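To keep things clear, I will list the structure first and then write my remarks on it.
This structure is a prediction, so every number in the text was calculated from the model and none was measured. For the single chain, residues carry numbers from 1 onward in sequence order.
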Amino acid sequence: MQQEELNRYTLAELRELLEGQNELLVNNYLSQHLAIAINLAPVVRTWDFIRKPFLLEEMRILIVKEGWAEPMVNLVDYHLEQGDLLFLGPNCIAQIRNLSDNVQGLAISMSDELFRLALGNHVPKAFDGHVRDFKVHLDEEQLQNLQDIHALLFDYTRRADHSPQTTLHLIAAFLWHVDALWGKAEQSNSGTLSYEQKLLANFIQLVNAHARKEHGIGFYAERLFLSPRYFSTLIKKASGRTAKEWIDDAILMNIKVELKHTGKQVAEISEEMNFPNPAFFCKYFKRLTGITPQQYRRS
């Protein structure tokens, strides 16, 4: 599958698709940064999502409540039944191969910016980027608990007087609960992880905690008791990406959140994030995004 042949489905595009579909909007909440579905099947069946690959730019969590589904995610086939939770990280390639007639599921999706606003620098390990996708089976109690949090979030966001801060806390509660369930499942598999995979997980945790201030590879290599060169080699082997790319991604997301969701001046953000000066900060941002911080803020 070539990426240029893929249909891309962002939250903004899905929002356009649902425009005027009142019967579908009853069971779906869509904004620029957040999507919540309490009955996903009608949306999937309405458009040609089945048997064609598509690129999902934002992260998604799907839970099967009834029936079964057979998606392929990043070229890996999954069989999902009642109680199965599937996490898709940002920029996943997915394809729905088949669905049962009675399939029902719920879902939540959000932009990277909203994710960072909800969680800050304390990112749950399940979502820190060291795994692109995963499946967890939930027992009846676990499934009901997640459904309760999901339903509360869905109902609350549709209220005209909802508080953005409360919404962020509810999103965080949902994500941390999923992380706890993933963590329990991972404990039984921890012995099968390679040294490189464990190193990657530890590195990403450090990056999420320190990228606002620490931009150099040397800091992270020292924390993990490795030489910078050997450390970089292992991270590239484990993830297919360089350590610098991981660091830049974390720095860039923090900058974007500051630009879009605070009134801080560029010089203030530059100083807080430990850049030598505002000019260097602006050049760094433009090199990674193609636009200046001011242009991004206006967009």
Side-chain angles (χ1 to χ4, degrees), residues 1 3 6-14 33-37 40 49 53-64 69 71-78 80 84-96 105-138 146 150 171-172 174-183 185-186 189 193 196-209 211 235-236 238-243 245-254 256-257:
M1 294 184 293
Q3 184 161 314
L6 297 175
N7 290 319
R8 303 171 70 91
Y9 289 105
T10 64
L11 293 183
E13 288 163 341
L14 288 174
H33 294 286
L34 177 65
I36 310 170
L40 190 61
F49 288 165
F54 46 92
L55 180 68
L56 300 173
E57 292 191 1
E58 297 93 357
M59 63 164 287
R60 281 164 171 78
I61 297 174
L62 316 173
I63 302 174
V64 178
M72 182 173 69
V73 180
N74 298 321
L75 302 180
V76 176
D77 286 314
Y78 284 93
L80 306 177
D84 284 339
L85 177 151
L86 182 65
F87 166 72
L88 310 177
N91 296 309
C92 271
I93 298 173
Q95 179 178 354
I96 301 173
L106 56 87
I108 184 170
S109 177
M110 68 196 72
S111 67
D112 286 345
E113 289 181 30
L114 184 62
F115 176 84
R116 287 287 176 174
L117 280 172
L119 295 170
N121 292 324
H122 302 290
V123 178
K125 195 171 182 180
F127 310 118
D128 64 12
H130 80 282
V131 289
R132 293 187 68 190
D133 51 80
F134 61 77
K135 169 186 168 182
V136 176
H137 184 72
L138 312 175
L146 267 184
H150 184 273
I171 291 170
F174 185 87
L175 293 173
W176 277 109
H177 194 55
V178 172
D179 175 74
L181 297 171
W182 172 83
E186 279 297 291
N189 300 324
L193 294 178
E196 290 85 0
Q197 289 171 321
K198 292 177 181 177
L199 176 69
L200 176 63
N202 291 333
F203 165 58
I204 292 175
Q205 279 191 302
L206 286 173
V207 169
N208 285 322
I235 294 300
K236 176 75 172 180
S239 68
R241 307 178 71 212
T242 66
E245 287 174 327
W246 283 107
I247 297 168
D248 283 341
D249 277 356
I251 295 170
L252 188 61
M253 183 49 58
N254 276 283
K256 286 181 175 180
V257 168

Could you pull out the closest heavy-atom pair between A250 and V207, with the gap in Å?
CB-CG1, 3.4 Å
Taking the inter-plane angle between the rings of F127 and F115 on a 0 to 90° scale, is it parallel (under 30°), tilted (30 to 60°) or perpendicular (over 60°)?
perpendicular
Please report the closest heavy-atom contact between W246 and G129, naming both atoms and the distance.
CH2-O, 3.2 Å
In the structure I gave you, are the side-chain heavy atoms of F87 and V136 within less than 4.5 Å of one another anywhere?
no
Are I61 and L175 side-chain neighbours, meaning at least one heavy-atom pair lies under 4.5 Å?
yes
Smallest separation among heavy atoms of R132 and N91, with atom names:
NH2-O, 3.3 Å
Restricting to non-hydrogen atoms, name the atom on P124 and the atom on L119 that form the minimum distance, rounded to 0.1 Å.
CD-CD1, 3.5 Å
Just how far is it from atom CE of M110 to atom CZ of R60, taken to the nearest 0.5 Å?
10.5 Å
Minimal heavy-atom distance between D179 and A126, with the atoms involved, is OD1-N, 2.9 Å
Is there a salt bridge (Lys or Arg N to Asp or Glu O under 4.0 Å) between D249 and R241? Walk through the geometry before answering.
CA-CA 11 Å; D249 277 356; R241 307 178 71 212; 2.4 Å; yes
Are side-chain heavy atoms of L88 and E58 found at a separation under 4.5 Å?
no
Test side-chain contact (heavy atoms from CB on, under 4.5 Å) applied to N208 and R116, step by step:
CA-CA 10 Å; N208 285 322; R116 287 287 176 174; 2.9 Å; yes
Straight-line distance of S109 OG to L114 CG, nearest 0.5 Å
9.5 Å
dist W176:CH2 -> L181:CG (nearest 0.5 Å) comes out at 13.0 Å
Quick check for you: to the nearest 0.5 Å, what is the distance between D112 atom CG and H33 atom NE2?
10.5 Å
Give me the atom names and distance for the closest heavy-atom approach of D128 to A201.
OD2-O, 4.0 Å
I would like to know whether I235 and L200 meet side-chain contact (heavy atoms from CB on, under 4.5 Å); could you show each step before the answer?
CA-CA 6 Å; I235 294 300; L200 176 63; 4.3 Å; yes
Atom pair NE2/CD of H130 and Q197 - distance to nearest 0.5 Å
8.5 Å
Atom CD1 in I171, atom CD1 in I108: separation rounded to 0.5 Å?
5.5 Å
H137: what forms a side chain to side chain donor-acceptor pair (under 3.5 Å) with it, not counting sequence neighbours?
D84
